[in-house]
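Working notes, structure below.
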Number of protein chains: 2
Amino acid sequence: MNASRTARERVRAELIREITDIARRHLATEGAAGLSLRAVAREMGMVSSAIYRYFPSRDDLLTALIINGYNAVGEAVEKADAACPREDFTRRWLAVCRAVRDWALAHPHEYALLYGSPVPGYRAPADTIGPASRDTIVYGRIIAEAHREGRLAPPPMCPEPPAVLSPDIEAVRTMMPGVPGDVVARAVIAWTSLFGMVSFELFGQFNNVIEHRAELFEHNMACLARLLGLSG
Amino acid sequence: MNASRTARERVRAELIREITDIARRHLATEGAAGLSLRAVAREMGMVSSAIYRYFPSRDDLLTALIINGYNAVGEAVEKADAACPREDFTRRWLAVCRAVRDWALAHPHEYALLYGSPVPGYRAPADTIGPASRDTIVYGRIIAEAHREGRLAPPPMCPEPPAVLSPDIEAVRTMMPGVPGDVVARAVIAWTSLFGMVSFELFGQFNNVIEHRAELFEHNMACLARLLGLSG
DNA sequence: TCACTGTCAAGAGCGGTGCTCTCGTTTATC
DNA sequence: GATAAACGAGAGCACCGCTCTTGACAGTGA
């Protein structure tokens, strides 16, 4: 009874997996706007209406792809960090930066889905919040561990963030306990700059301007490491 | 004969203006993907096919909106810079940053069209290159003038960019003549960080994380000013 | 004055989209 | 074995970008 129920549900889960796989492939070739439930159904040899048994709307399919994407980039970042010596914080920072860029270049449309323009009419449900912060936890951990080991030596430069920012600083600080507020603000700069560079490269802002993107990325991420005060 | 021809061309230009105006309004409510020539035609009391007399394809209409958008943000940045005392370089930098953010918040869909995910299947023609760099010229001028006045004191931090980046540095340096390569690289960081922050705010990455966006933006742009070495 | 030329709005039509509804069938449970 | 849920299939609605053809009209040169 339990086995038979699982039998039906297993084929259902398998179909859902197949749908998301095909959808992800379509996303890679057509982009988010070109993602078509009919096309996915066609490729599965299904009639278009049948697919609504598994995803009640196009947005629900998009949500699945978004959660999947956040997990993919999060996993890439985690692996890159894990492959580095624990005490080499600069190397760990550079590794996770590279992991983000490499993943983005390998999955440009998925990256655009996660970090590009919001899909019009689509409202991200709460399920996406958790996976969305999976990568940021890693950045925070690197900074926090460097701070704990006394290896965080940020050059004096930025003023203390104003008091009105305290709750936000506090919220970000939960990912890097103990780190001074000034450095937390720098972490936000580094975070936005990392994705700013990747987005500019992917979205065409570097066209006709920057040619050696990998090298510039590497150099700028190294500068950001100095800004954060990472050493060694 | 010339007058009559201009009469005809004048009504044509007026119609093109009306089309782009309506299209821009539709862009604001529906997003780039939802921009529909039929809907624009409907609102003009025109039949759908007639609009193809003025814009041969949806992409051509998009191109017009993109060029228009780049010019709008460029103009906003120019005006913000012009309103500052020439010798107050930090203030000028903060003013142009604010101008970008304010324009983006006021025209989120247009911003997404310019700096967000590329529209699938759309290839930006060469006409967009010029207007696209209108704002960057202003950033470059502020840094260049600060350098010329001896008011650029970048804190020692970033290493000299590697030799392989020389052509790119040189290309960016045309917008800020005389500025050292190290600072040119920092300018790229500041540039990407500025748009990275605006994009994160607009595209929802700050949701559930940062609440006081204006204040954080202000503080981080001030940090970037220090990174650039702007003083006074 | 008149025929010519180029521009235009209009309509029909093609193949595509997301989504809904109904219908008969299969499948699992009581 | 009856019942209820899940399912695939098909038709249909309103929309989309885009194309082709047709007839009306304005400006132009002979």
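Protein chains get the first letters and strands the later ones, always in sequence-line order, with residue 1 at the start of each.
- A close approach under 4.0 Å does not occur between any side-chain nitrogen or oxygen of A:Arg10 and OP1 or OP2 of C:dT27.
- Among A:Arg141, A:Arg134, A:Arg92, the single residue meeting the salt bridge (charged side-chain N to carboxylate O under 4.0 Å, His left out) criterion with A:Glu78 is A:Arg134.
- Within 4.0 Å of A:Leu35, counting heavy atoms only, lie sugar-phosphate atoms of the nucleic acid but no base atom.
- The separation between A:Met46 atom CE and D:dA9 atom P is 7 Å, rounded to whole Å.
- A sub-4.0 Å separation between OP1 or OP2 of D:dG8 and a side-chain N or O of A:Tyr54 is present.
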N/O to N/O distances under 3.5 Å, protein versus nucleotides 11-13 of chain C:
| residue | atom | partner | partner atom | Å |
| --- | --- | --- | --- | --- |
| C:dG11 | O6 | B:Ser49 | OG | 3.0 |

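- Rounded to an integer number of Å, the gap from B:Tyr122 OH to D:dC18 C1' is 18 Å.
- With hydrogens and angles ignored, the 3.5 Å screen pairs a side-chain donor or acceptor of A:Asp168 with a backbone N or O of B:His212.
- Using the six-membered ring where Trp is involved, A:Phe195 and A:Tyr111 have ring planes that are parallel, under 30° apart on the 30 and 60° scheme.
- Across C:dG18, D:dG8, D:dC18, the shortest atom-to-atom separation from the side chain of A:Arg53 is found for D:dG8.
- To the nearest angstrom, C1' of C:dT20 lies 18 Å from CZ of A:Arg58.
- Using a cut-off of 4.0 Å between Lys/Arg side-chain N and Asp/Glu carboxylate O, A:Glu75 and A:Lys79 are scored as salt-bridged.
- At the phosphate of D:dC7, OP1 or OP2 sits under 4.0 Å from a side-chain N or O atom of A:Arg12.
- Atom CD in B:Glu14 sits roughly 20 Å away from atom P in C:dT7 (whole-Å rounding).
- Minimum heavy-atom separation, B:Ala112 to A:Ser117: O-OG, 3.6 Å.
- Applying the side chain to side chain contact (heavy atoms under 4.5 Å, CB included) test between B:Met197 and each of B:Asn220, B:Ile210, B:Val100, B:Thr192 identifies B:Asn220 as the sole match.
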